[in-house]
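What follows is a set of notes on a single structure, which appears directly below.
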Amino acid sequence: MAKKTPARPNVKVVIDGNEISVPEGMLVVDAAKLIGTQIPVYCSHPKLDPAGLCRICLVEIEKMPKLQIACATRVTEGMVVHTSTARVAEARRGVLEFLLLNHPLDCPICDKGGECDLQDYTMSYGAGASRLTEPKLHKPKRVDLGPTIVLDEERCILCRRCTRFDDEIAQERNLIVAERGHKSLISTRDGGGYRSYFSGNTTEICPVGALTSKAYRFRSRPWDLGRADSVCTQCSVGCNFRIDTRFGHVMRTFTRENPEVDDGWLCDRGRYSFNYMYSPARLRQPLVRRDGEHRPVSFDEALAYAAQRLGSAAAAGKVGVIGGGRLSDEEAFALQKFARDVLGTNNIDYRTHIQRFASPARFGASLTDIDDADLVLVFGTFTPEQAPVLDLRLRRAVARRGAKLMHIGPYKPDYLVAVQHVEYPPGAIAELMEQLADTVHHGREESGDGFVADIAQQLVDAEKIVAIHNGRNVAGAASLERLMETLARYDHQVGVLVVGAMGNARGAEAAGCVPNLGPGYAEAQGAPGMTTTQMLAAAASGELDALVVVGANPALTGADGTLARAAFERVGFLMAVDLFMTETASHADVVFAAASFAEKQGHTTNLEGRRQAFAQAVEPPVGVYTDSQILASLATALGKPNAVRADADELFVDLLAAEARAMAMRAKDAPLPRPSIADAPSSTADQVDATHRRLMICPIPHLYAGGGAAAHDPGLAEMRPKPFAVFSIADASRMGVVTGERVRLSGPGGTIEVEACVGDQAPVGVALVLADMPEAPENRLLEETGFGWATVEKVAQAREASA
Amino acid sequence: MIRAVRGLVVGMLTTLKYLFRKKVTIDYPREPYPHAERFRGVHELRKYDDGLERCIGCELCAVACPANAITVIGAENDPQKPTSPGERYGYRYEIDMLRCIFCGWCEEACPTDAIVLTPRFDIADFTRERLVFGKDKLLVNDPFTQHLANTESAFETDPGVEGGAA
């Protein structure tokens, strides 16, 4: 890349008598790390720009009359640095005395106590006693900064790591230092709460105990904690984190930096969703429906009942299995093995959202490709809500490096950074991609459409292009591949990322939870199986006798919720494995209680295809088993004791072997085969309405939306949105709807009540409806295409009409 | 013979001498045994005069304990009805008396002088469970040790000045 700055020449510096050669312009504090010398820092953070605020990092540099701050001084040729002279020690003592002047020294009750930089450096470099004889300055100790964070103003040393994080990394610019001098305090720009998807990171980078998280407040001390290296499974980014436990309970999660995946950050959904494990609503024993009511039964009893009903359905070949995207790789492998080897069917599908495939068949990109991309093309997905930590890279690339972000879609999403929005009907993306490919290929002159030529010119100007989409539009993805291929032919670097609807969508696909493909994308043997939609349609029409749903909730998240509900009501036998009584499990005849991600070990595959291991942090509650244990027991009860293994390690070995076999069979460099899809009938609804109250429904994601665990997590309760719909200003004024009003959306599959919002994100004729909310399931209004049509009424009017 | 009689008399004289002295034995269970003031016996969690608990749930006693006999779980005070001064209090405080070696390190580690070892030592019981002392058994205001207590409440204390560190 021409724009990349050339590698800097190395310079020789001497630090504490050790001569090293480092790139010119490196910070002294980083150069010292290379020889193993730790210079104390508070304001300096490797991911943040140098600020030079706290002065603890003062070092002596020869030929400079005064001490210099190591965190903001860059090395030059022949620089001689001393980090442990008497002058330096004296300066550190002074800085620490100054920092501690008004510090409350309430270490015994401070959550940071034991892992606090201020404690550590005071022990190492501090004076031991304060010369202050006047009473200390007292400040508010329990300042509510937002739904997740508490600020202790007395403890704050004003290093501004948090405000700089909000400024430079999250790009939200809401946290500020208000007031001046000794009155300085951390506050928000708008004076309201600090509401950010990344707020938890500030508690972690805070070098003292000023910012603490409400979820962990006074629950434990750092030395009590047992630690397990885990991977977040809430979205498909797969951030690495550590689960800290005490007395067999998860106390908190902590970043475990992986520069290639999470870059050391976590989003609040990933960080704070673990309390659902201790929710009273969690299933702790199997349930069997008798006389229309779910009754708790023993595991063996549930097993025997499920085996009997599944056995007869399997013998008739009328059984289907749905799920896999929320399981580990091993369990997804066990699930497809259970479907194929025990139930003898290829009716297995992980796709319970609008997603249809999880891997870019070609041009797979890695997350770090976003860092130096010149143009990022997004369609179908909204990364701040669906892959927040990926979005941090995007924000940084756009705001700090000037990369272009282009969004193609039916509505204008609220990106924090500059975005070029191309309003385009979702069904026509394939067409647009084809036009772009042609234009790129033939040159600008031949193109007819103005804006297509404009986009094509931007593509041609960019050297590295990353496309991010949601794996919904198969034709669009194929055309995108053609565009990428064309660009690659003209020496552009290209890459594609598919943001999964579920944490392990890609792992489930690779493990073979699709009708036409086995583990490792090998062609499945036997009769072709049905996709989720086909299974649901078959169950609704009585063609399937039994459905097994494992770790999935199609009744809430499926594109066609009406079909899913009809299927679950009609089907002869429905077995569900879940943590909570979800919208799907409530229809089930047998519900097995499953272990959560912290209660089992395994692997999970993120959206890049990176397989990461996660360790077991705590034991599951008594009587709760992992999905693979349940499937293995069920296989035994069905008379195939060795078909499915229960042990995660053994399953992993089998999965690797199956993948190796599949890889050996496939031709080298061949694109990965795509999972089969059901042909969706295109919308036939008449789109013109005399009253102008009929709008296109477009579901929009939210980080804290979702049923099951997300709905039952007390830690997320305050952040959870209320169901809403966004109308364009034109539509709203025509219908007389104002922001905050309750409106009723009625579609062919039912009615939901939401709060109206008026904003310019929605184009005229489109209502953006919050997706995946159990109290207002938007999928009642949707068709299999993922879009729908609904009539909008004000709630007050509707009541009058019914009265 | 004379030697034998002499021996008997001398022996009986000793007996006679002690017969009129003050008794060394005490009627133990009915009569308390006077220990040295700094004898290290059963623990006690003390309170301030205003009724607030001294324990802030910091777990420093638990981490100092060489026998791993102490378990503390802290929690946040209700600002309207605080259990202890400040933000944090000891929600659960348990000492396994069977494990405890009565070394007194918890007492030394305690930043608020909440846990003290009293001269009480007779805690024999019939089950192990009853010898895990919780706050119900530990939290008392025994007049015997009250004079050791720092009488002012921590509300008025400036920990920075009192603590003296740094």
Side-chain angles (χ1 to χ4, degrees), chain A residues 93-114 118-119 121-138 140-144 150 152 154-155 209 212-225 246-247 249 251, chain B residues 45 52-66 68-94 96 106-115 132 134 152 154-166:
Chain A
R93 253 199 313 281
V95 170
L96 276 168
E97 185 176 8
F98 189 53
L99 289 176
L100 289 170
L101 268 188
N102 286 312
H103 191 85
L105 289 173
D106 55 353
C107 305
I109 67 157
C110 178
D111 273 336
K112 204 82 176 183
L118 193 57
Q119 267 188 330
Y121 296 152
T122 303
M123 291 303 284
S124 308
Y125 313 113
S130 173
R131 288 175 290 168
L132 180 78
T133 50
E134 286 75 26
K136 291 198 176 200
L137 195 68
H138 287 292
K141 282 202 75 73
R142 197 196 189 287
V143 181
D144 203 357
V150 181
D152 189 319
E154 284 189 341
R155 293 184 195 147
T212 51
S213 78
K214 286 184 183 171
Y216 176 64
R217 205 165 151 80
F218 304 144
R219 289 188 75 187
S220 177
R221 317 261 8 220
W223 56 79
D224 293 325
L225 299 168
R246 188 183 185 202
F247 304 132
H249 270 236
M251 288 283 139
Chain B
L45 274 174
L52 292 177
E53 290 173 16
R54 281 178 168 261
C55 177
I56 50 169
C58 72
E59 302 180 26
L60 291 179
C61 49
V63 78
C65 182
N68 227 344
I70 307 182
T71 307
V72 187
I73 300 178
E76 184 162 9
N77 265 322
D78 176 0
Q80 307 308 319
K81 253 179 71 184
T83 312
S84 71
E87 294 167 281
R88 179 182 179 132
Y89 76 102
Y91 166 69
R92 268 180 83 170
Y93 194 103
E94 281 175 4
D96 186 342
C106 46
E107 200 174 0
E108 259 178 66
C110 186
T112 59
D113 293 334
I115 187 91
V132 177
E152 83 270 41
F155 274 130
E156 285 90 52
T157 311
D158 192 332
V161 175
E162 188 196 50

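Chain letters run A, B, ... following the sequence lines, proteins first and then strands; every chain starts at 1. As the structure is a prediction and not an experimental result, all values here were calculated from the model.
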For [X], which atoms come within 4.5 Å of any heavy atom of chain B: side chain, backbone, both, or neither?
{"X": "A:R217", "result": "side chain"}
{"X": "A:N102", "result": "neither"}
{"X": "A:R93", "result": "neither"}

First locate atom CZ of A:F218, then atom CD1 of B:I56, and finally report the distance between them rounded to the nearest 0.5 Å. 9.5 Å
To the nearest 0.5 Å, what is the distance between CZ on A:F247 and CD1 on B:I73? 4.5 Å
Between A:D106 and B:R88, is there a side-chain heavy-atom distance shorter than 4.5 Å?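 Sidechains of A:D106 and B:R88: no contact.
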OH/B:Y91: more than 12 non-hydrogen atoms of other groups inside 6.0 Å: no
Is the count of non-hydrogen atoms from other residues, nucleotides or ligands lying under 6.0 Å from A:F98 atom CZ greater than 12?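 No, because the 6.0 Å sphere around CZ of A:F98 holds 12 heavy atoms or fewer from other groups.
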Restricting to side chain to side chain contact (heavy atoms under 4.5 Å, CB included), what partner residues turn up for B:P79, sequence neighbours left out?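 Listed in chain order: nothing, the list is empty.
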Of all residues at least two apart in sequence or in a different chain, which pass the side-chain hydrogen bond (donor to acceptor under 3.5 Å, both in side chains) check with B:N68? none
What's the shortest heavy-atom distance between A:P108 and B:C58, and which atoms?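 Closest heavy-atom pair between A:P108 and B:C58: O-CB, 2.8 Å.
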Who among A:R221, A:K141, A:R219 has the most heavy-atom pairs with chain B under 4.5 Å?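 Ranked by contacts with chain B, first place is A:R221.
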I'd like to know which of A:L101, A:D224, A:D152 tops the heavy-atom pair count under 4.5 Å against chain B. A:D224
If we check side-chain contact (heavy atoms from CB on, under 4.5 Å) with B:E87, which of these qualifies: A:D111, A:I109, A:V150?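 The side-chain contact (heavy atoms from CB on, under 4.5 Å) with B:E87 is passed solely by A:I109 among A:D111, A:I109, A:V150.
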So which part of B:T71 gets closer than 4.5 Å to some heavy atom of chain A, the side chain, the backbone, both or neither? side chain
